[in-house]
Amino acid sequence: MKKFYIETFGCQMNVHDSEKVVGTLLARGYEQVPAPEQADLVFYNTCSIRDKAEQKVFSRLQDFRKNSKGKTFAVLGCVAQQEGERIFERAPHVSLVCGSASYNQLPRLLVQIENGDKRVTGLSLDTEETFETPLTRRDNPHRAYITIIEGCDKSCSYCVVPFTRGPERSRTTGGILAESRQLAGAGYTEIQLLGQNVNSYRDPSDDQIDFARLLRKVAEVPGLKRVRFTTSHPRDFTRDIVDAIGENPVLCNHVHLPVQSGSTSVLASMQRLYTRGEYMERIEWMKNARRDIAISTDIIVGFPGETEQDFEQTLTLLDQVEYDSIFSFKYSPRPNTPALQYADQIPGEEKSRRLTILQEKQRSIQMRRNAAFIGRIEEVMVEGCNKATSQWIGRTSQNKTLNFTAPQRASESLIGQYLPVRVLRAGPNSLVGESFN
Ligand code: SAH
Ligand code: SF4
Ligand code: F3S
């Protein structure tokens with residue numbers, strides 16, 4: 001039996017794509033192994049969002065340059081789409097290069113590889129149906145990802161995603177609901193709806209169902225306790241979404257709304273299609289909602305032309321919004337993107353300085369926000385167990401990590417259960433508590 005190894009980089013979309021690829025391989029009789037050394041076929045599902053991410057796959061491939069005998073190497077995902085056949089030049093021992101928009105071609109490409117072909121590619125960015133993948137092999141038995149929209153039709157001036165994942169294609173609401181019901185039937189209680197811009201979801205069938213209505217429908221699927229979604233684009237984020245969350249406790253009270261910068265002029269040169277004021281309007285909808293909605297974001301520092309004043313605006317935005325968490329990055333120039341050609345690129349040292357200042361500020365905001373949870377009782381879904389600290393690892397609806405102790409009950413696993421936990425302590429990145437029943 002042929003053995004394969006797969007390593008995944010990048011976002012949840014990639015993680016879920018790998019689950020689809022693993023399902024396809026298992027159905028073809030391959031066996032998954034935990035280390036590349038044991039494998040005949042080595043897959044890297046890659047990310048090219050920043051230069052560092054892209055370099056990872058080439059350094060992995062470099063490890064095997066001299067010792068690749070008997071192995072077949074395959075590069076999937078965003079670096080595959082971006083670099084295409086150039087990958088064969090950079091890493092001659094690679095045999096298969098396939099982007100995410102062509103995964104429906106994978107079975108055919110695998111046959112070619114099995115027949116001894118040395119170089120095969122799936123690089124078309126056509127919009128054929130790629131959603132209905134009944135072979136998906138999910139890693140987690142309780143929480144499942146579901147793709148609702150592929151690709152991205154925005155053109156943020158720094159971003160490779162429109163090139164690596166192609167134009168937007170929404171999946172039918174019928175298909176999404178059928179998969180949700182099937183997953184609930186199989187015991188999944190949490191579903192995460194995925195897309196680069198879920199807010200621009202529109203049912204391609206006659207119903208024209210939009211994202212807020214889709215959310216309400218998925219939340220009604222019997223058996224589901226939590227529904228999350230990512231990622232939202234502020235331009236397409238509507239008040240209906242906030243209303244839906246306010247009305248239905250199955251919809252998690254957490255929204256990830258990437259802002260990128262607090263400066264309207266930087267937002268304009270990023271081509272984000274909203275001003276700081278328009279972004280804040282959306283934040284106000286959430287702050288005034290019926291439920292306490294946790295808000296997180298993505299921020300890029302050191303975008304070309306970002307002045308000290310622009311950066312200050314991002315800092316004041318952090319104070320104004322008081323995010324529950326942020327992902328922050330130094331701007332990384334990317335191939336094919338307009339910002340690559342922009343004047344006033346910011347030196348690396350300056351980007352690092354700004355990133356540190358930003359992260360320190362956010363750390364103190366998170367300390368303060370999390371401290372407000374001390375004494376509260378929060379429901380967690382138990383995700384794991386930390387043997388070293390004898391604590392269970394839980395997650396709240398707001399997506400906060402809550403580590404907790406539970407009364408000893410002989411070797412019972414709590415993983416997958418929903419429990420009330422009293423919060424006793426708080427740090428910047430997590431809460432600590434105890435379960436009392
Ligand atoms: N579709 C999502 C997320 C895309 S990628 C969205 O629009 O929000 C995730 C994050 O990576 C982005 O939100 C952005 O903050 C960051 N990112 C994208 N391109 C980048 C680049 N060239 N340099 C640094 N960070 C980048
Ligand atoms: Fe990239 Fe912008 Fe699309 Fe997000 S919305 S994937 S940042 S182009
Ligand atoms: Fe990376 Fe592609 Fe996702 S570039 S962040 S893996 S869409």
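In listed order, ligands and their atoms are each counted from 1. Residues take their numbers from the sequence shown, with the count starting at 1.
With no hydrogens or angles considered, a side-chain donor-acceptor pair links Lys330 and Ser352 at under 3.5 Å. A donor-acceptor contact closer than 3.5 angstrom is absent between the side chains of Gln359 and Arg363. No donor-acceptor contact under 3.5 angstrom links the side chains of Ser200 and His233, judged on distance only. Side-chain contact, Asn197 with Asp236: a donor N or O sits under 3.5 Å from an acceptor N or O. In this structure, a donor-acceptor pair under 3.5 Å is present between the side chains of Asp310 and Thr307. There is no side-chain donor-acceptor pair under 3.5 Å between Ser269 and Tyr342.
Residue contact check: Ser332 has heavy atoms under 4.0 Å from atoms 21 (C), 22 (N), 23 (N), 24 (C) of ligand 1. The distance from ligand 1 to the heavy atoms of Pro258 drops below 4.0 Å at these ligand atoms: 8 (O). Short contacts between ligand 3 and Ser48, defined as distances under 4.0 Å to a heavy atom of the residue, involve ligand atoms 1 (Fe), 4 (S). Close approach to Asn14 involves these atoms of ligand 3, each under 4.0 Å from a residue heavy atom: 6 (S). Close contacts between ligand 2 and Gln196 involve ligand atoms 6 (S) [criterion: under 4.0 Å to a heavy atom]. Every atom of ligand 1 with a heavy atom of Ile49 under 4.0 Å away is listed here by number and element: 5 (S), 11 (O), 17 (N), 18 (C), 19 (N), 20 (C), 21 (C), 22 (N). Distances below 4.0 Å separate heavy atoms of Cys78 from the following atoms of ligand 3: 2 (Fe), 4 (S), 6 (S), 7 (S). Taking a cut-off of under 4.0 Å to the non-hydrogen atoms of Cys47, the atoms of ligand 3 that pass are 1 (Fe), 4 (S), 5 (S), 6 (S). Interface atoms of ligand 1 facing Tyr331, defined by a heavy-atom separation under 4.0 Å, are 23 (N), 24 (C). Using a 4.0 Å cut-off to heavy atoms of His233, the atoms of ligand 2 that qualify are 5 (S).
Distance from atom 25 (N) of ligand 1 to its nearest protein heavy atom, with residue and atom name: Arg50 NH1, 3.3 Å. For atom 3 (Fe) of ligand 2, the closest non-hydrogen atom of the protein is Cys152 SG, 2.3 Å. The protein non-hydrogen atom at the shortest distance from atom 1 (Fe) of ligand 2 is Cys159 SG, 2.3 Å. Shortest contact from atom 7 (O) of ligand 1 to any protein heavy atom: Arg272 NH1, 3.6 Å. Counting protein heavy atoms only, atom 3 (Fe) of ligand 3 is closest to Cys11 SG, 2.3 Å. Protein heavy atom closest to atom 14 (C) of ligand 1, with residue, atom name and distance, is Gln260 OE1, 3.4 Å. Residue, atom and distance of the protein heavy atom nearest to atom 6 (C) of ligand 1 are Thr231 CG2, 3.9 Å. Scanning the protein for heavy atoms near atom 24 (C) of ligand 1, the closest one is Lys330 O, 3.4 Å. Given atom 19 (N) of ligand 1, the protein heavy atom at minimum distance is Tyr158 CD1, 3.2 Å. At the top of the distance list for atom 4 (Fe) of ligand 2, counting protein heavy atoms only, stands Arg272 NH1, 4.3 Å. Considering only non-hydrogen protein atoms, atom 7 (S) of ligand 2 sits nearest to Tyr158 OH, 3.4 Å.
Using bins of under 30°, 30° to 60° and over 60° for the plane-to-plane angle, the ring pair Tyr44/Phe9 lands in the tilted bin.
Contact annotation: for Pro162 versus ligand 2, heavy atoms closer than 4.0 Å belong to the side chain alone. Counting heavy atoms under 4.0 Å from ligand 2, residue Cys156 touches it through both backbone and side chain. Counting heavy atoms closer than 4.0 Å to ligand 3, residue Gln196 contributes side-chain atoms (C-beta onward) but none from N, CA, C or O.
Taking all atoms of both residues into account, the shortest heavy-atom contact from Ala91 to Leu61 is CB-CD1, 3.9 Å. Smallest separation of non-hydrogen atoms from Gly84 and Val97: O-CG1, 3.8 Å.
Salt-bridge formation is not detected for the pair Arg395/Glu190: no Lys NZ or Arg NE/NH1/NH2 atom is positioned less than 4.0 Å from an Asp or Glu carboxylate oxygen. No salt bridge links Glu278 with Arg235; every basic N to acidic carboxylate O contact stays at or beyond 4.0 Å. Under a 4.0 Å N-O distance rule, the pair Glu85/Arg119 does not qualify as a salt bridge.
With a 6.0 Å cutoff to the six-membered ring centre and a 45° limit on the axis angle, Lys351 does not count as a cation-pi contact of Tyr331. Under a cutoff of 6.0 Å and an axis angle of 45°, Arg50 and Phe329 form a cation-pi pair.
Side-chain contact between Gln362 and Leu358 is absent, with no heavy-atom pair separated by less than 4.5 Å.
Closest heavy-atom approach to atom 1 (N) of ligand 1 among the candidates Lys154, Gln196, Lys52: Gln196. Here the shortest heavy-atom distance to atom 9 (C) of ligand 1, taken over Thr297, Asp298, Leu340, Val301, belongs to Asp298.
At least one heavy atom of Ile300 sits closer than 4.0 Å to an atom of ligand 1. Under a 4.0 angstrom heavy-atom cut-off, Arg165 registers as being in contact with ligand 3.
Among the candidates Phe58, Tyr5, Phe73, the single residue satisfying the ring pair (Phe, Tyr, Trp, His ring centres under 6.0 Å) test with Phe64 is Phe73.
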